[in-house]
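We count residues from 1, following the sequence as given. Each ligand, and each atom within it, is numbered from 1 in the order the structure gives.
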Amino acid sequence: MQNIAVIGTGYVGLVSGAGISDYGHNVVCADIDKTKIEQLNKGEIPIYEPGLHELVNRNVNFNRLSFTANVDEAIRNADVIFIAVGTPEGENGASDLTAVYEVARAIGENLNGYKVVCTKSTVPIGTGEKITNIIKDVSKNINEFDYVSNPEFLREGSAVKDFLWPDRVIIGASGSRAFKTMKNVYRPLYINETPIIETTVETAELIKYASNAFLSVKISYINEIANMCDEIGADVHVVSKAMGIDGRISPKFLHPGPGYGGSCFPKDTKALISMAKEMGIDLNVVSGAVVANQLQKERMAQKLLNLFDGDIKNKTIAILGLAFKAQTDDIRESPAIEIINTLNKNGALIRAFDPAANENMKKRFNDLKTFDSWEEAVKDADGVVIMTEWNEFRGLDLLKLKGLLKSPVLLDCRNILRMDDLETMGFKYDNVGRKKR
Ligand code: UGA
């Protein structure tokens, strides 16, 4: 058992802290945000993440997990310190590392013995070296430490599962002592024979960006194929299924939709392009995926306009789903934002519903009308657009929906409804690359 401090209680920090305590270690999650820490100490989880509440409670009850606003003390008491603070998008697509460097300084000031300093936040290549130098400078080299890059691959909505049962663990470090310490942190995964890649810090840093950018490319690719399907009357689901059977391609992340969103893919693709540019390298494939993603969001808005022959003024449109994907309340870069902007610009009236993200979208669009159920949102609307693949939308009672709508017009941006049913019931509809001609 080791003493671990996780600095930053956002998605990555909180899930990692709770997950590592579940491996049997003593973990303290620290954050300068006192309100957040008070909430956590009261047993309230500040983010929406299925299974996280149970994971946190279980480990708090076993006295393996605690929360503090005293970052300095947490660092002093720890053998391993995880940096898991936010790295928002800064200027020109590069990441803003202010919070990361602040933590590095705090570690330097409180380095009271050998420690392993490990970054989980997604940071540009070369950041490990900068963090190392800050700690050395501030601590005046009095004590030893090792630096590790240990990027996280968890997805919002399935973060707990992704953390406890990862496909792989990446450990980038420069010394055997650090690898040994990290091996102990992830002991249950070593025992389970989860693939663990031991590599250099820079390689680990690049693996994270290369993975996220690849998945973004995959999504943009299938979205563009879906757009071709629209033109020729082909079914993109059959295309992606057939492609995915080929083990070299794999069926994962091959679902067409309204464009990827969230706090990672949009930011990380741009950061990778910007890093490469500084090296004199053009990432043409990733750049293409970024452009295609923006066009895909716009294409959904155009599809909606087309269903109303271009004139949506004074029409009431129900939006089902505001989060960037299901199982989260996160609306960052959500394709629903593009739809709301288009509807506002064209003089339409919006009635929206999301099972978890109503409040967050209202912070962005103050006068957005949101409702507590899909039934209320669609009542007397001239049409409906599905933006997020929540399970409750998959199982929509189409007869009831038709009865509530003023006119049966529907855009399914997630391809979750059966076209045969829509056709039998006389819906005027569209989707992403599946419409029969
Ligand atoms: C993503 C990665 O999947 C994680 O591995 C990574 O750790 C994380 O970013 C991060 O860097 O922190 P996340 O953004 O939470 O996770 O969500 P995803 O499930 O990857 O979805 C991202 C976007 O792609 C969503 O808008 C989703 O709707 C879209 N998507 C995903 C598709 O349009 N099609 C697909 O087939 C899959």
Original post:
Quick one: does Phe265 get an N or O within less than 3.5 Å of an N or O on ligand 1?
Top reply: no
Pick one of side chain, backbone, both or neither for how [X] approaches ligand 1, counting any non-hydrogen atom pair under 4.0 Å.
| X | answer |
| --- | --- |
| Asn223 | neither |
| Lys267 | neither |
| Leu154 | backbone |

Original post:
What protein heavy atom is closest to atom 3 (O) of ligand 1, reported as residue, atom name and distance in Å?
Top reply: Arg155 CG, 3.2 Å
**OP:** Would you mind checking which non-hydrogen protein atom is closest to atom 26 (O) of ligand 1, with the distance to 0.1 Å?
**Re:** Gly261 N, 2.9 Å
Per-atom contacts, ligand 1 versus [X] - under 4.0 Å to a heavy atom:
| X | result |
| --- | --- |
| Glu156 | 15 (O) |
| Lys208 | 6 (C), 7 (O), 10 (C), 11 (O), 12 (O) |
| Lys325 | 15 (O), 17 (O), 18 (P), 19 (O), 21 (O), 28 (O) |
| Leu254 | 36 (O) |
| Glu152 | 7 (O) |

**OP:** Could you name the option among Tyr260, Tyr209, Phe253 that has the heavy atom nearest to atom 37 (C) of ligand 1?
**Re:** Phe253
**OP:** Using side-chain contact (heavy atoms from CB on, under 4.5 Å) as the criterion, point out the one residue from Asp421, Leu405, Leu417, Val409 that pairs with Phe427.
**Re:** Leu405
Original post:
Out of curiosity, is Cys264 lining ligand 1, as in a heavy atom under 4.0 Å away?
Top reply: yes
**OP:** Please check if atom NZ in Lys362 has more than 12 non-hydrogen atoms from other residues, nucleotides or ligands closer than 6.0 Å.
**Re:** yes
